[in-house]
Amino acid sequence: MNFTDIISLALRNLRQARLRTSLTVIGVIVGVAAIVTMVSFGLGLQNNILKDAFSRIDFFTSITVFGPGADAIMSMRDGGEASNGQRNQDTASSESRPVLDDKAIEELRKLDGVRYVYPNFSFESFVRFEGRTRRTGISGAPTDVEYNPRFRDFIAGRHIAGADAPEVVITERFMTRMRTAGSARRSQRRGPGDGPFQTLPEKTEAERKRLAEEVIGKTLTILTLPSGPESTESSASVFGVPLLDLPVQSEEAGDDGQFEGADDGLLSQLERHNYTIVGVLKAQEGVNLNIGSGGAIFIPMEHAGRFRAANRPPLERLGEMLAGDIGYQSAEVRVTDLARVETIKDQIKKMGFNFWNIGNQIEEIKRVFLIINASLALIGGIALLVASFGISNTMIMSIRERTREIGVMKAIGGSDSEIMRIFFVEASLIGLTGGVLGVLGGWGIDRIANLLANRWITQQAGQAIRQVEFFSIPWYLSGGAILFAVLVSLVAAVYPAMSAARVDPIKALRYE
Amino acid sequence: MAILEAQNVTREYRMSAETIRALSGISVAIEPGEFVAILGTSGSGKSTLLNLFGGLDRPTAGEILFEGKSLRPLTSTEMSRYRLRSVGMIFQTFNLIPTMTARENVELALAFAGLGRSERRRRALELLDQVGLSNRAGHLPSELSGGEQQRVSIARAIANNPRILLADEPTGNLDSHRADEIMKLLDDMRRRDGRTIILVTHDRELANQYADRIIRLKDGSTIE
Ligand SMILES: Nc1ncnc2c1ncn2[C@@H]1O[C@H](COP(=O)(O)OP(=O)(O)O)[C@@H](O)[C@H]1O
Ligand SMILES: [Mg+2]
């Protein structure tokens, strides 16, 4: 008996008990739809978090290398254990960590596959623009780098012309923030430029471009305390602690947003550094490429270095006085291509530096999501497990009813394995139908839930918002769910099919 | 050489408390082309013997030989091949599949033999024509008379051209007129196609009328 015969026999059997078959299939549909909905939600979540990161290779080719810091240098000098209190970086062996100085940077530059290495100079200060004063993160930008992904997407203008040009590049978000009067305080605390995940401003591209072009050529003023002797350190505390790799610091540092009311007398006591705005960096959706740089505006590297040196917090100065030269706090290593990132990470580790690369984070996130998705699949799987009992039950009933028929088939030459195959095919047809319809059902549920969720979000926001896709059904989920349904059905059919094969034809045919 | 032979065959049914001996040490030989009737009262072991010949059952002791070879070493799959190719069975209760038409019932046997769809259809109609039912091919068993159902089952039994036909009281549920038709058909099968027929019956008259030879069974043993 060939396979199409077996299929048509199985279909015939299923059709004969239409209601029972339908109910069994519905059980499978519910199970599969549950799996698909659950897992697609998990995958959607993962997608929303990772998709931007993945689509931008620049994240992965950047490695932030950290210097040891004063405390570690001193404890090394003392021969004691260096504190391993560094955040979540790959921790190099604590014994002899080198200082991240110019020599080290030069060494890093020489590594095969490194495009460029620059120390990070980031600090916070107050800036004046269009009569408003705001606190912001300022970073140094290299001007002699041919390809720098951070300075690639200008919505208007260009990059800083030279190492000593009094020019500044600002981000689109910074611009929006500076110009938002009413909600300034709020937007400064958790402004659109602060979080790692961002949505695009609700304006047309042309409108954004026009606004950006408007500010090109305008002057932006960086305010600092008058540079006095080293001893007037108490005043520097105003600036907080400019930790390079933790841009989050700015939101905890207090609510000192507005200086509009400050009189000229006070302003004149401060040092004012004027810069011309030459470029506006385009805001990007998703993960901000400049996280870690701490910058909302960028000035030439050298300038940033000087500013930072002059405005270091007192604790840092104290550390330096005790430890001597502690080098740079961190530097960015840009790798030429993704394939070399791992080897370069290894080399940096060998050199003794701590470092951070988003690749590690992504791995971590993926691992977490694997667990989440597996748990969600398990919950859905329970529904399918229940359905599998339905399948077993249906098959057993069907075999009971058709005992005589099975006996006849055997008497006219049907083999045990052929009989068994008929019932396995019957079960997998139930699984397949339930699987396909279940995937469609899951997809339907996703669409409805997505619609409702977006409607709710829009209502909450009180304005039109870009639609968010909360669910994701990749081909492997639908395929896997259907396959799983078929597999579960087959397993559910093992006992019934075996008992069908074991039917004793003599008893079956005697029975009236 | 005998086409079918039972050598010292015993078949016991082990129940929970007792053991029923349906056949005790029977030896019979059937020659090719013979029309043999097995005669005996109810419970004498006729069906048991026929099922052993038909490969639906295996003896507790003794051997069943087909064309001189024992069926004992056959695996269950080989046994199903034997049932498919070498013997055709006909039952008192017809045992047609009630949800299949006459044609489909015949086709089922052909499907187990691996025939293609169109070939199967053609052959099934041919077989139904042979038993005089070409105009009933699309009917379900419930729409056919007892005699017609039995003819369908005969068509099914000879579908894969077996050398032996085993009929277990094929006329038991039919009136004497229909019974006669069926017996004539079986006789035809022997005369025209040279098949060996083993007929189980408790109807002495029928046996005398058609059979070349009668084997009498009583309590699981032969009486000559
Ligand atoms: N599957 C079985 N289980 C138990 N006893 C059986 C079974 N088949 C037949 N028997 C017993 O074996 C004896 C012979 O049965 P059977 O061959 O059907 O007789 P017949 O066909 O001559 O009427 C009877 O006593 C019957 O009850
Ligand atoms: Mg009987």
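Remark: A:Asp5 CG to B:Leu110 CG distance equals 10.5 Å, nearest 0.5 Å. In this structure, B:Ile90 CD1 and B:Arg151 CZ are separated by 13.0 Å, a value rounded to the nearest 0.5 Å. To the nearest 0.5 Å, atoms CZ (B:Arg81) and CG (B:Leu84) are separated by 5.5 Å.
Neither the backbone nor the side chain of A:Arg402 has a heavy atom closer than 4.5 Å to any heavy atom of chain B. Only the side chain of B:Ile97 comes within contact range of chain A, with at least one heavy atom under 4.5 Å from a heavy atom of that chain. Neither the backbone nor the side chain of A:Ser417 comes within contact range of chain B, judged by heavy atoms closer than 4.5 Å. Only the side chain of B:Arg156 comes within contact range of chain A, judged by heavy atoms closer than 4.5 Å. Only the side chain of B:Ser76 comes within contact range of chain A, with at least one heavy atom under 4.5 Å from a heavy atom of that chain. Only the side chain of B:Asn51 comes within contact range of chain A, with heavy atoms under 4.5 Å apart. If you measure heavy-atom distances from A:Ile6 to chain B, you find no contacts under 4.5 Å at all.
For chain B, the option among A:Val408, A:Asp416, A:Leu9, A:Thr4 with the highest count of heavy-atom pairs below 4.5 Å is A:Val408. Contact count against chain A (heavy-atom pairs under 4.5 Å) is highest for B:Leu108 among B:Thr48, B:Thr77, B:Leu108. Of the listed residues (B:Met89, B:Arg85, B:Arg117), the greatest number of heavy-atom pairs within a distance under 4.5 Å of chain A belongs to B:Arg117. When each of B:Met100, B:Glu78, B:Met79, B:Gln92 is checked for heavy-atom pairs under 4.5 Å with chain A, B:Met100 comes out on top.
By the 30° and 60° cut-offs, the orientation of the rings of B:Phe66 relative to B:Tyr82 is perpendicular.
For B:Arg72 and B:Glu63, the salt-bridge test passes: some basic side-chain N is under 4.0 Å from an acidic carboxylate O.
At a cut-off of 3.5 Å, with distance as the only test, a side-chain donor of B:Ser221 or B:Ser24 sits close to an acceptor on the other residue.
With hydrogens and angles disregarded, a donor-acceptor distance shorter than 3.5 Å links the side chain of B:Lys46 to the backbone of B:Gly40.
Across every non-hydrogen atom of B:Gln150 and B:Phe91, the tightest pair is NE2-O, 2.8 Å.
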